[in-house]
Q: 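Input: one structure, supplied below.
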Amino acid sequence: MNAVAISDNAVTEQPDDSFFDDYRNFKIEGMMPRPNVNLSCPHGLEYLSEVNEIIILQESDLLSAEKYNGASSFILINKSNQQMYTAKEGCCWSCCKCCFQNVEVMAPIGRVIGYVHEEKSCLQERFTIKNASEDIMFRMMGPRKSCCFDYEKELNILTRNGQIQVGTITKEWISPSLTTCIKNYKISLNFSVDLDVTSKALLLAATFLMDIMYYEEKKFAMKSYLA
């Protein structure tokens, strides 16, 4: 089983000038202020409490090689371009496309908060997002199965009965001028601001799985991410 872990060491300090030099072609408006949340909020998920959109930017291969010895790295920002988290690839292994994907989600590391499971389907790939007790929280419809890789750019997140749309995952191309530091696309996760932070974290984990399976060029490599 693959794993996505959201650790309790979220970025909480203002980055130095060298950080912004790396992104001079894309202005990140500093760090998102740490929200005031109640004690029941899992440590590290506070930044999810006040947002309804998370934008994932993948750093260029060159920059990732310098920072993480070639492992893919990401910056997660809110819709005001404030940095919420950073993420990096943990490990990878070969995976057959016909295998079904199951992801375990932890926040913080060592505490399971839920799962993302791929379901059997003939015409269209389907996924269930479950809590730690494996109760279904959401459903997702993947792209229609095809012999080509021209996948749909928008994937819908539905309620557990599959009747109501509660969110979307969208791939969008961005300015080629950004490609020296950031790859030329971004992935946007949208959901209701009223969702609890655990549900938002599960949807974020599902978004990384969708990126691996449908949006990245290397679609046969499964990875583990630490945010």
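Starting from 1, each residue takes its place in the sequence as its number. In this text the structure is predicted, and so the values were computed from the model without any measurement. In what follows, every heavy atom counts, from backbone to side chain, and hydrogens, waters and symmetry copies are set aside.
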Q: Could you tell me whether the side chain of E46 reaches within less than 4.5 Å of the side chain of C41, counting heavy atoms only?
A: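 C41 reaches E46 side chain to side chain.
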Q: Could you work out, with side chain to side chain contact (heavy atoms under 4.5 Å, CB included) as the rule, every residue matching E134, not counting sequence neighbours?
A: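 Testing E134 for side chain to side chain contact (heavy atoms under 4.5 Å, CB included), a comparison that skips the adjacent residues, returns Y115, H117, K130.
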Q: Hey, what do you get for CE (M31) to CD1 (I77), rounding to the nearest 0.5 Å?
A: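 Going from the CE atom of M31 to the CD1 atom of I77 covers 11.5 Å.
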Q: Does K200 reach the main-chain N or O of V51 with its side chain, forming a donor-acceptor pair under 3.5 Å?
A: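 Flag set: sc K200 to bb V51 pair under 3.5 Å.
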Q: Just so I know, are the side chains of K79 and S188 near enough to count as touching, which here means a heavy-atom distance under 4.5 Å?
A: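 Side chain of K79 against side chain of S188, heavy atoms only: no contact under 4.5 Å found.
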Q: To the nearest 0.5 Å, what is the distance between CG (L76) and CD1 (I54)?
A: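 Between atom CG of L76 and atom CD1 of I54 there are 6.5 Å.
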Q: For the side chain of Y47 and the backbone of N78, is there at least one donor-acceptor N/O pair under 3.5 Å apart?
A: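 No; judged by distance alone, with no hydrogens or angles, the pair does not exist.
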Q: Closest heavy-atom contact between I113 and A107?
A: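 Scanning both residues completely, I find the closest heavy atoms to be CG2-O, 3.7 Å.
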Q: For V197 and L45, work out which heavy atoms get closest and say how close.
A: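 Heavy-atom minimum between the residues: CG1-O, 3.7 Å.
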Q: Could you point out which residue of I157, T128, L158 forms a side-chain contact (heavy atoms from CB on, under 4.5 Å) with F138?
A: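 For F138, the side-chain contact (heavy atoms from CB on, under 4.5 Å) test succeeds with only one of I157, T128, L158, which is I157.
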Q: Taking side chain as C-beta onward, heavy atoms only, is M137 less than 4.5 Å from T198?
A: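 The answer is no, as the side chains (C-beta and beyond) never meet within the 4.5 Å cut-off.
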Q: Which atoms form the tightest heavy-atom contact between L202 and G114, and what is the distance?
A: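 Residues L202 and G114, closest heavy atoms: CD2-CA, 3.5 Å.
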Q: Could you check whether any side-chain N or O of S133 sits under 3.5 Å from a backbone N or O of D135, counting only pairs where one atom can act as donor and the other as acceptor?
A: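 Checking the backbone N and O of D135 against the side chain of S133, no donor-acceptor pair under 3.5 Å is found.
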Q: Going from CG on L203 to CD1 on I129, what distance comes out if it is rounded to the nearest 0.5 angstrom?
A: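 The CD1 atom of I129 is 5.0 Å from CG of L203, to the nearest 0.5 Å.
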Q: Decide yes or no for I56 and L189: does some side-chain heavy atom of the first lie under 4.5 Å from some side-chain heavy atom of the second?
A: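 The answer is no; the side chains never approach within 4.5 Å.
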Q: To the nearest 0.5 Å, tell me how far I187 CD1 sits from Q58 CD.
A: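 Spacing of CD1 (I187) from CD (Q58) equals 8.0 Å.
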Q: Measure the CE-CE distance between M140 and M210 for me, rounded to the nearest 0.5 Å.
A: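 Here the interatomic distance stands at 4.5 Å.
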Q: I'd like to know whether CG of N161 has more than 12 heavy-atom contacts from other residues, nucleotides or ligands below 6.0 angstrom.
A: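 Atom CG in N161 is crowded, with more than 12 foreign heavy atoms closer than 6.0 Å.
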Q: For a quick test of reading the model, state the closest non-hydrogen atom pair linking N52 to S192 and the distance between them.
A: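 Nearest pair, atom of N52 first, then S192: CB-C, 4.3 Å.
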Q: Quick one: closest heavy-atom pair of E154 and T170, and the distance?
A: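 Heavy atoms only, the tightest pair is OE1-OG1, 3.6 Å.
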Q: Side-chain contact test, heavy atoms from C-beta onward, threshold under 4.5 Å: evaluate it for M84 versus L48 and give yes or no.
A: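 Counting from C-beta outward, M84 and L48 do come under 4.5 Å.
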Q: Please enumerate all residues that pass side chain to side chain donor-acceptor pair (under 3.5 Å) together with N190, with sequence neighbours excluded.
A: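 Here no residue qualifies.
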Q: In Å and rounded to the nearest 0.5 Å, what is the CZ to CZ distance from R139 to R160?
A: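 If we round to the nearest 0.5 Å, R139:CZ and R160:CZ are 9.5 Å apart.
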Q: Got E29 and S80 here, is their nearest side-chain heavy-atom distance under 4.5 Å?
A: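 Answer no - side chains too far apart.
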Q: For the backbone of I164 and the side chain of T159, can you confirm whether one donor and one acceptor N or O come within less than 3.5 Å of each other?
A: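 Yes; at least one donor-acceptor contact below 3.5 Å.
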Q: Same cluster or not: are V166 and I169 linked, directly or through other Ile, Leu, Val, Met, Phe, Trp or Tyr residues, by side-chain heavy atoms under 4.5 angstrom apart?
A: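 They do share one cluster, since a chain of ILVMFWY contacts under 4.5 Å joins V166 to I169.
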